Every structure is written in C-alpha cells, then in structure tokens.
Amino acid sequence: NRKYPSRFFWLDINDHGGGYYGIAQDDRSNARISLPDLASAIAAGSDRPVDLLSFDACLMASTEVAYEMRNVAKVMVASEDESYAVGMNYDQTLEAMSNQPTMNAATLGRDLVARVNPQAIFTVSAVDLTKADALAHAVDGLAGALLAAMPTQRASILKALNAVKPFYVAGPNPASFNHRDLDEVVDQLRANVSNPLVQAACVRVKTALFNHGAIIVAHNVAAEQGAARGLSIYLPLDGQIDPIYMNTAFAKATRWPAFLQALKP
C-alpha cells in the first residue's frame, strides 16, 4: 500500500483455515501460513494496520487469532466453525461501501457479517482487535484463578468444560474438536464452579467480550444451538497441547497453556 496509498485497506484471505494452527494450508504438502508468519507478512506489507481483515476460512474467529492480529489490523471478520466456499457476499458489501465511501472498519465489518450466506458460513463475527489486549488480560486472569482453584475444584471445573457444546459442524471433526466458544466456556464455569475468584474472573472475561468489548457483532445459524457467540478458544480437555499452539503470541502472553496442562489426568 506504499505504492498505491488509500484511505481504507481491506485484506481478505480465502482458503483453508485452522485457528491457532494457521491458514492457507496446501492440500498436497500440508504447508500453511502460521499465525506469527501471517502477522509478520501483513506488517511488512503495510506501514499501518489494515482497516479490515476478513477470513473466508474455517475456525479463524478465535481468541488466539485475534490476539496475533491485534497490531496489524483494526477489525477482523471470521467464523468460529467450519465454512464452505462462496460464503461471503463481497459484491453486496462492496456496493454498500461504494454507496457510503466514508464507512469505517467496524461498520463495514457489520455489513459483511450481515450479508454472509448462512448455508455456507454457520457462524460469523466482527471483532474489534483494539480490544484484544484487554481480552487476553482477562483470559489470563481466568486461567490464574482456575489454576488456583484446581486443587479443590478440579471436578467442578472439568464438569463445566465437558458441558461446553461443540460447534454444529466442527464438533465431529478431530482436527477442530478442541475449539470451543469462549463465552460458552465462561457460562459453564459460572454455573458449575463456586470459587469466588473464578466467578469474578468470568465476569471480567464477559466484560472484555461484550460490554463495549471485542465482539462488535456475532451471528450463528439455529443449528449451532447458541454455541458460537463470537470468539472461540483452544480447549483440549486431555491436557495435550499442540506444539504449534505454543508458538502463538497468545500462548506466550497468558497462563492459558498452563491451565490446559493442569487438565492432564
């Protein structure tokens, strides 16, 4: 964009996605762009954050992706669940943008979310990436509270996490089974874990998500049964963490991986 300066930058990536695992996976070699590499590439190609970053790909509406992209984009549009081709109606959103050229990133993100094909994208959200640091801080606090509560509340914590509903499409897929909606995780913890520190930490996460927080707007089809509210988080219940996950900025910045490891039987 240095050679062709513009008031507004919208970057769309349409390919296979895997949340923390990365995006643009090659079907033959299984090579893909990792989250750190993607953030570095966007930063190298622009002298300022892009206004809108959209992922027409599976599983990219995650807390980890949002945190990784927080310094290279202002608003992110993506799906928590799996998605199929021809899901985003770019032509309609571009027409709306043409009719209202002063549209900002949040408004354009809302428009893109509103126009997706629900038969192809089952969940979709627009996320304010300027709030990603506050969300990560809140999740870090939750992880700390859960770690402190584990010695006496382990059974209740596991009950809560096992009660979190899988996504409608991604649930049966072993490659994506470990993604769960963050707000659903918080609700189950609030319902099952009486520890006051955990309860307070859950409230802080909810505030970081919804009270003028990271989630601008989120939609999901009825079949999702409310299991997708805007952002997922990595949640393997066996304590086995993918080494790729440990390379993400979110894993390095928070105690969430330590909490996941504490779930190991």
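Here, residue 1 is the first one in the sequence, and each next residue gets the next number. Because the structure is a prediction, the values reported are computed rather than measured.
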Pair S54-L112, side-chain contact (heavy atoms from CB on, under 4.5 Å): steps then yes or no: CA-CA 9 Å; S54 54; L112 191 59; 3.9 Å; yes
Consider only side-chain heavy atoms of I, L, V, M, F, W and Y, link residues closer than 4.5 Å, and tell whether [X] and [Y] are in one cluster.
{"X": "V124", "Y": "V217", "value": "yes"}
{"X": "L237", "Y": "Y245", "value": "yes"}
{"X": "V164", "Y": "V203", "value": "no"}
{"X": "V205", "Y": "L197", "value": "no"}

Smallest separation among heavy atoms of [X] and [Y], with atom names:
{"X": "A262", "Y": "R154", "value": "O-NH1, 2.8 Å"}
{"X": "K264", "Y": "Q240", "value": "CE-NE2, 3.7 Å"}
{"X": "L52", "Y": "G109", "value": "CD1-CA, 4.2 Å"}
{"X": "D181", "Y": "A227", "value": "CB-O, 3.0 Å"}
{"X": "A105", "Y": "V75", "value": "CB-CG2, 3.7 Å"}
{"X": "I121", "Y": "S83", "value": "CG1-CB, 3.8 Å"}

Answer whether the closest heavy-atom distance between the side chains of [X] and [Y] falls below 4.5 Å.
{"X": "L260", "Y": "L235", "result": "yes"}
{"X": "L189", "Y": "L161", "result": "yes"}
{"X": "V198", "Y": "V193", "result": "yes"}
{"X": "I233", "Y": "L231", "result": "no"}
{"X": "L35", "Y": "M60", "result": "yes"}
{"X": "Y20", "Y": "E68", "result": "no"}
{"X": "I241", "Y": "Q261", "result": "yes"}
{"X": "S62", "Y": "E80", "result": "no"}

At what distance, to the nearest 0.5 angstrom, does [atom1] of [X] lie from [atom2] of [Y]?
{"X": "L182", "Y": "Y234", "atom1": "CG", "atom2": "OH", "answer": "16.0 Å"}
{"X": "I42", "Y": "I33", "atom1": "CD1", "atom2": "CD1", "answer": "9.0 Å"}
{"X": "R229", "Y": "L209", "atom1": "CZ", "atom2": "CG", "answer": "10.0 Å"}
{"X": "L129", "Y": "M69", "atom1": "CG", "atom2": "CE", "answer": "9.0 Å"}
{"X": "R32", "Y": "L38", "atom1": "CZ", "atom2": "CG", "answer": "11.5 Å"}
{"X": "K131", "Y": "R70", "atom1": "NZ", "atom2": "CZ", "answer": "15.5 Å"}

Which residue in the set [options] passes side-chain contact (heavy atoms from CB on, under 4.5 Å) when paired with [X]?
{"X": "F250", "options": "V65, T63, D140", "answer": "T63"}
{"X": "W10", "options": "V50, L108, V77, L53", "answer": "L108"}
{"X": "F167", "options": "E184, E82, E224", "answer": "E224"}
{"X": "F259", "options": "L142, I157, T254", "answer": "I157"}

- prompt: Does a sphere of radius 6.0 Å around CD in E95 hold more than 12 heavy atoms from other residues, nucleotides or ligands, not counting ones at 6.0 Å or beyond?
  reply: no
Would a distance-only check, ignoring hydrogens and angles, find a side-chain to backbone donor-acceptor pair under 3.5 Å from [X] to [Y]?
{"X": "E64", "Y": "T248", "answer": "no"}
{"X": "R180", "Y": "V185", "answer": "no"}
{"X": "D128", "Y": "T130", "answer": "yes"}
{"X": "S98", "Y": "L94", "answer": "no"}

Scan side-chain atoms only and decide if [X] and [Y] contain a donor-acceptor pair under the 3.5 Å cut-off.
{"X": "N192", "Y": "S156", "result": "no"}
{"X": "D81", "Y": "S79", "result": "no"}
{"X": "N104", "Y": "T107", "result": "yes"}
{"X": "Y90", "Y": "D56", "result": "yes"}

- request: Check the pair M88 / R115 against side-chain contact (heavy atoms from CB on, under 4.5 Å), numbers first and verdict last.
  value: CA-CA 7 Å; M88 291 193 181; R115 297 178 190 275; over 6 Å; no
task: Could you please spell out the steps behind the side-chain contact (heavy atoms from CB on, under 4.5 Å) verdict for L263 and M150?
output: CA-CA 9 Å; L263 297 175; M150 282 292 278; 4.2 Å; yes
- prompt: Less than 4.0 Å between a side-chain N and a carboxylate O, is that true for K206 and D187?
  reply: yes
